[in-house]
Amino acid sequence: ALGPGVEDWREGDRVVATVPGKTCGTCRPCRPSDLEACLSPCIVGVDYHGGFAEYLPFPVHSLVRLPDTIPFEQGAILADAVGTPFHAVIVRGALRAGERVAIFGVGGLGTHAVQIARLAGAGEIIRRIEARVAEVDGITLHMQPVQDLTVEDRVSRTQFQYTLED
């Protein structure tokens with residue numbers, strides 16, 4: 001069913017929700033449509049029931065049409081496993097063709113981030129595969145810390161020496 005005042009949508013339209021719940025729509029990030037950064041989100045299955053529901057109400061601003069050519073099984077991952085790294089690499093990171101990008105953690109989201117960076121024309125993609133091993137455009141690097149830093153410092157200051165794998 002459609003709520004009051006909903007236009008341009010019909011019952012039965014194929015959709016994907018881009019936000020896993022409801023946003024407040026009034027905070028500073030929500031006003032310019034940066035819904036992922038809402039300061040007061042309500043998450044399905046956490047803040048209100050519906051995580052396993054067959055039908056679930058969503059605000060119109062959080063819906064994107066799912067083309068008939070994309071099966072629901074594939075469309076279901078678009079908002080999270082593809083949308084999240086797209087937002088990180090393209091929107092927040094503002095990656096431009098030819099730039100270097102580093103992706104740490106090549107799991108479900110990281111794998112898509114690598115593909116998105118490649119499609120965006122990244123000049124060099126450095127991806128962290130496992131602890132102390134990275135791959136730079138097909139070359140495996142083994143990393144050894146140069147200095148032992150506190151946990152607080154590691155994110156921003158860890159330096160590595162690189163050796164190429166034979």
Side-chain angles (χ1 to χ4, degrees), residues 13-23 27-30 32-39 41-46 51-52 56 58-59 61-166:
D13 282 347
R14 295 167 39 92
V15 300
V16 172
T18 61
V19 180
K22 302 173 187 174
T23 58
C27 69
R28 177 176 270 180
C30 280
S33 297
D34 189 7
L35 303 177
E36 295 82 8
C38 177
L39 300 176
C42 291
I43 308 299
V44 176
V46 175
F52 293 105
L56 190 62
F58 274 97
H61 66 263
S62 71
L63 300 178
V64 174
R65 293 185 193 283
L66 183 64
D68 291 335
T69 56
I70 299 177
F72 279 116
E73 294 82 6
Q74 292 175 9
I77 70 163
L78 292 176
D80 185 31
V82 177
T84 300
F86 179 87
H87 192 269
V89 172
I90 303 300
V91 178
R92 292 276 187 200
L95 179 68
R96 293 183 305 244
E99 289 185 322
R100 179 183 301 161
V101 63
I103 298 166
F104 295 90
V106 186
L109 297 177
T111 299
H112 289 96
V114 168
Q115 294 176 42
I116 290 164
R118 190 166 309 281
L119 289 169
E124 182 177 33
I125 300 173
I126 302 168
R127 53 189 177 219
R128 182 89 181 261
I129 298 172
E130 57 187 65
R132 304 195 192 281
V133 176
E135 185 177 313
V136 179
D137 284 340
I139 300 171
T140 301
L141 302 173
H142 295 274
M143 300 180 285
Q144 299 299 322
V146 172
Q147 57 185 341
D148 190 18
L149 302 171
T150 64
V151 172
E152 293 80 23
D153 292 338
R154 286 186 185 167
V155 172
S156 62
R157 293 186 31 216
T158 300
Q159 299 174 0
F160 293 97
Q161 292 176 334
Y162 299 101
T163 57
L164 295 175
E165 185 177 77
D166 295 330

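Positions are given from 1, in the same order as the sequence printed here. Since we're looking at a predicted model, the values are computed, not measured. Any value given below was found using the heavy atoms of this structure, including those in side chains, with hydrogens, waters and symmetry copies removed.
Across all their heavy atoms, I125 and R118 have their closest contact at CD1-N, 3.6 Å. Considering all non-hydrogen atoms of both residues, G75 and V16 come closest at O-CG2, 3.5 Å. Of all non-hydrogen atoms in C27 and L39, the two that sit nearest each other are SG-N, 3.4 Å. In terms of heavy atoms, P85 sits closest to I116 at C-CD1, 4.0 Å.
Distance alone, capped at 3.5 Å, is enough to place a donor-acceptor pair between the H112 side chain and the A81 backbone.
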Derivation and outcome, side-chain contact (heavy atoms from CB on, under 4.5 Å), residues L95 and V89: CA-CA 6 Å; L95 179 68; V89 172; 3.7 Å; yes
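Applying the side chain to side chain donor-acceptor pair (under 3.5 Å) definition to pairs two or more places apart or across chains, those involving residues 98-110 are R96-E99, R100-E124. Pairs passing the salt bridge (charged side-chain N to carboxylate O under 4.0 Å, His left out) check and including a residue from residues 72-94, sequence neighbours excluded, read D34-R92.
For P41, the side chain to side chain contact (heavy atoms under 4.5 Å, CB included) partners are C38, I43, not counting sequence neighbours. Residues that satisfy the side chain to side chain contact (heavy atoms under 4.5 Å, CB included) test with A76, not counting sequence neighbours, are absent from this structure. For Q115, the side chain to side chain contact (heavy atoms under 4.5 Å, CB included) criterion is met by T111, not counting sequence neighbours. With sequence neighbours left out, the side chain to side chain contact (heavy atoms under 4.5 Å, CB included) criterion links F58 to A17, V44, L56, S62, L63.
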Contacts table for residues 102-109: side-chain donor-acceptor under 3.5 angstrom, sequence neighbours left out:
none

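Summarising the geometry, atom CD1 belonging to I77 is positioned 14.5 Å from atom CZ belonging to F72; distances are rounded to the nearest 0.5 Å.
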